Amino acid sequence: MFSIFCFDKERNTTSESQHLRCFSSFSGCSSSLHGNPGSMVDTKTSSEKGSLLYPYGPDQGDETNPKLDDGTSEAITLSIPFTFYGKTHQTAFVNNNGVISFDKPVRQYTPDPFPLADGRPFVTPFWADVDNVEGGDIFYRQSTDPALLGDISQHITQYFPESPFTATWAFVATWDHVAYWGSKSDKGNTFQAVLTTDSKMFYIILNYWDIQWTTGAASDGDAETGLGGTPAHAGFNSGDDTNFYNIPGSQTDAIINITTTSNVKVPGRWVFRVDDFQAPDVDPPQLDNSCWL
């Protein structure tokens, strides 16, 4: 069984720094490093991010989470209830620490592996100690926009051709260049989670555009690099002991590579059907050797 502990972040210690490597996305490096690893910044434009991420931000009508360490959104009433392994959920929370939870918020900042002993159902693109007070924003919206649903439908049908899919609703949550707690750098992570349905099938899409850190200082990460300690966890937990998924690399240093891995042959994207668990074979990381530091 797994236990959940709460710690005083101010009293926690940090581990020794580690070297950061630069991995490729679709073309070129997913991030660039100049001099001190703590000086990494996100230089990509919104249009460049659109090659992997679905549109997001205030101009899309998104809500924005409060600037609060370990904070969450308000309770979100889903206009289309979401079925997650036999249980239908009508309320969700977008939690700052990289989690979309059902029914209750999640403020825990150091991740545990799945399945969770307490049965909390949630989806986590990147469960770690995010600090949007230090930097970055967290956006979310429900949408029936035809352009968005058309893109999602095309992608899922491509990945699961035996089950043609026409989305009627989507919930999009995006963490945009978010910092880690205790950061002494300019590093930020950009990733996204999408819930979607055609009223019969239910899917989650996890998109990873730029991952520069893995661990907050209160999880024994290095404040200068955001590495070490107990790294982030990615995947989902249905609330039972059977239906869960830990994306390879979770809670290891290898989670920094998640922009290069996939189960649908699109580096940085993971897709799962979650009313009836289906996950295509995992693709190996797509690395560009010229991009190593």
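Computed from a predicted structure; not experimentally measured. The analysis underlying the following values was restricted to heavy atoms, covering all of them including side chains, and did not include hydrogens, waters or symmetry mates.
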- Item | Which atom of L116 lies closest to which atom of P113, heavy atoms considered | CD2-O, 3.5 Å
- Message: Using a 3.5 Å distance criterion without hydrogens, assess whether the side chain of Y208 forms a donor-acceptor pair with backbone atoms of P125.
- Response: yes
- Run through F84, F236, F114 and flag the one making a ring pair (Phe, Tyr, Trp, His ring centres under 6.0 Å) with F122. F114
- Query: Any side-chain heavy atom of F126 within less than 4.5 Å of one from P111?
  - Reply: no
- Query: What is the minimum heavy-atom distance between L52 and P267, and which atoms define it?
  - Reply: CD1-O, 4.0 Å
- Task: For the pair V271 and F160, evaluate side chain to side chain contact (heavy atoms under 4.5 Å, CB included) and give the outcome as yes or no after the intermediate values.
- Result: CA-CA 10 Å; V271 184; F160 298 84; 3.7 Å; yes
- Message: What's the separation between atom CG in N97 and atom CG in D129, rounded to the nearest 0.5 Å?
- Response: 5.5 Å
- Message: Is it the case that the side chain of N132 and the backbone of L68 share a donor-acceptor pair, with hydrogens and angles ignored and the cut-off at 3.5 Å?
- Response: yes
- Message: Using every non-hydrogen atom in the two residues, find where Y56 and D59 come nearest and quote the distance to one decimal.
- Response: O-OD1, 3.6 Å
- In Å and rounded to the nearest 0.5 Å, what is the OG to CG distance from S250 to D112? 12.0 Å
- Task: Please step through side chain to side chain contact (heavy atoms under 4.5 Å, CB included) for the pair S163 and R273, ending with a clear verdict.
- Result: CA-CA 10 Å; S163 302; R273 181 173 171 182; 4.0 Å; yes
- Message: For the CG atom of N257 and the CD1 atom of I255, what is their distance to the nearest 0.5 Å?
- Response: 8.5 Å
- K67 meets the salt bridge (charged side-chain N to carboxylate O under 4.0 Å, His left out) criterion, sequence neighbours left out, with D137
- Message: Are I80 and L149 linked, directly or through intermediate hydrophobic residues, by side-chain heavy-atom contacts shorter than 4.5 Å (ILVMFWY only)?
- Response: no
- Query: Taking C-beta and beyond as the side chain, do F202 and T196 meet within less than 4.5 Å on heavy atoms?
  - Reply: no
- Message: What I'd like to find out is whether the side chain of H89 reaches to under 4.5 Å of the side chain of P121, using heavy atoms alone.
- Response: yes
- Message: For the backbone of Q154 and the side chain of T157, can you confirm whether one donor and one acceptor N or O come within less than 3.5 Å of each other?
- Response: no
- Task: Compute whether any side-chain donor of one residue and acceptor of the other, for T242 and D240, lie under 3.5 angstrom apart.
- Result: no
- Task: Please report the closest heavy-atom contact between P161 and Q158, naming both atoms and the distance.
- Result: CD-O, 3.6 Å
- Counting N and O atoms only, with roles assigned by atom type, does the side chain of Q60 sit under 3.5 Å from a partner on the main chain of D62, one being a donor and the other an acceptor? no
- Nearest heavy-atom contact between A234 and I258 is CB-CD1, 4.0 Å
- Looking only at heavy atoms, what is the nearest atom pair of I256 and T214, with distance? CD1-CG2, 3.7 Å
- So I76 and Q90, side chain to side chain contact (heavy atoms under 4.5 Å, CB included) or not? Walk me through it. CA-CA 8 Å; I76 303 162; Q90 296 182 316; over 6 Å; no
- Message: If we count only N and O atoms by modelled type, under 3.5 Å, do the side chains of S185 and Y180 hold a donor and an acceptor together?
- Response: yes
- Task: Please examine the side chains of V130 and W213, heavy atoms only from C-beta on, and report whether any two atoms are closer than 4.5 Å.
- Result: yes
- Message: Using a 3.5 Å distance criterion without hydrogens, assess whether the side chain of N65 forms a donor-acceptor pair with backbone atoms of F139.
- Response: no
- Task: Determine yes or no for a side-chain-to-main-chain donor-acceptor pair under 3.5 angstrom, with T124 supplying the side chain and G235 the backbone.
- Result: no
For a quick test of your reading: what N or O donor-acceptor pairs under 3.5 Å do the side chains of residues 165-172 make, sequence neighbours left out?
| residue | atom | partner | partner atom | Å |
| --- | --- | --- | --- | --- |
| T168 | OG1 | T197 | O | 3.2 |
| W169 | NE1 | S79 | OG | 3.1 |
| W169 | NE1 | Q142 | OE1 | 3.2 |

- Message: What I want to check is whether the side chains of N246 and H233 have a donor and an acceptor closer together than 3.5 Å.
- Response: yes
- Message: Please tell me whether I205 and V266 are part of a single hydrophobic cluster in this structure, the criterion being side-chain heavy atoms less than 4.5 Å apart.
- Response: yes
- Item | Donor + acceptor pair across side chains of D210, Q212 (<3.5 Å) | yes
- Does the side chain of H155 come under 3.5 Å of the side chain of Y203 through a donor N or O and an acceptor N or O? no
- With no hydrogens and no angle check, is any side-chain donor or acceptor of T215 less than 3.5 Å from a backbone partner on G221? no
- Task: Kindly compute the distance separating CD1 (I211) from CG (N189), expressed to the nearest 0.5 Å.
- Result: 4.0 Å
- Item | Check: N237 side chain, R120 main-chain N or O, donor-acceptor pair, under 3.5 Å | yes
- Query: When you check the side-chain N and O atoms of W270 and T261, is any donor under 3.5 Å from an acceptor?
  - Reply: yes
- Query: If we only count heavy atoms from C-beta on, is the F93 to F102 side-chain gap below 4.5 Å?
  - Reply: no
- Task: Taking the side chain as every heavy atom from C-beta outward, state whether W209 and Q192 have any pair of such atoms under 4.5 Å apart.
- Result: no
- When you measure from the side chain of K187 to the backbone N and O of T225, does any donor-acceptor pair fall under 3.5 Å? yes
- Message: Quick check: do I247 and L206 have side-chain heavy atoms less than 4.5 Å from each other?
- Response: yes
- Message: I'd like to know if the side chain of D198 reaches the main chain of M201, judged simply by a donor and an acceptor atom lying under 3.5 Å from each other, with no hydrogens or angles considered.
- Response: yes
- Message: In terms of relative ring orientation, are Y245 and F272 parallel, tilted or perpendicular, with 30° and 60° separating the classes?
- Response: tilted
- Just wondering, do L227 and D222 contact through their side chains at under 4.5 Å, heavy atoms? no
- Item | Side-chain donor-acceptor pair present, T88, T83, cut-off under 3.5 Å | yes
- Item | Point-to-point distance, once rounded to the nearest 0.5 Å, from OG of S73 to CG of N95 | 6.5 Å
- Just how far is it from atom OG1 of T64 to atom CD1 of I138, taken to the nearest 0.5 Å? 9.5 Å
- Does one side chain, of Y159 or R269, offer a donor that lies under 3.5 Å from an acceptor on the other? yes
- Could you go step by step and tell me if Y109 and N96 meet the side chain to side chain contact (heavy atoms under 4.5 Å, CB included) rule? CA-CA 9 Å; Y109 54 86; N96 288 3; over 6 Å; no
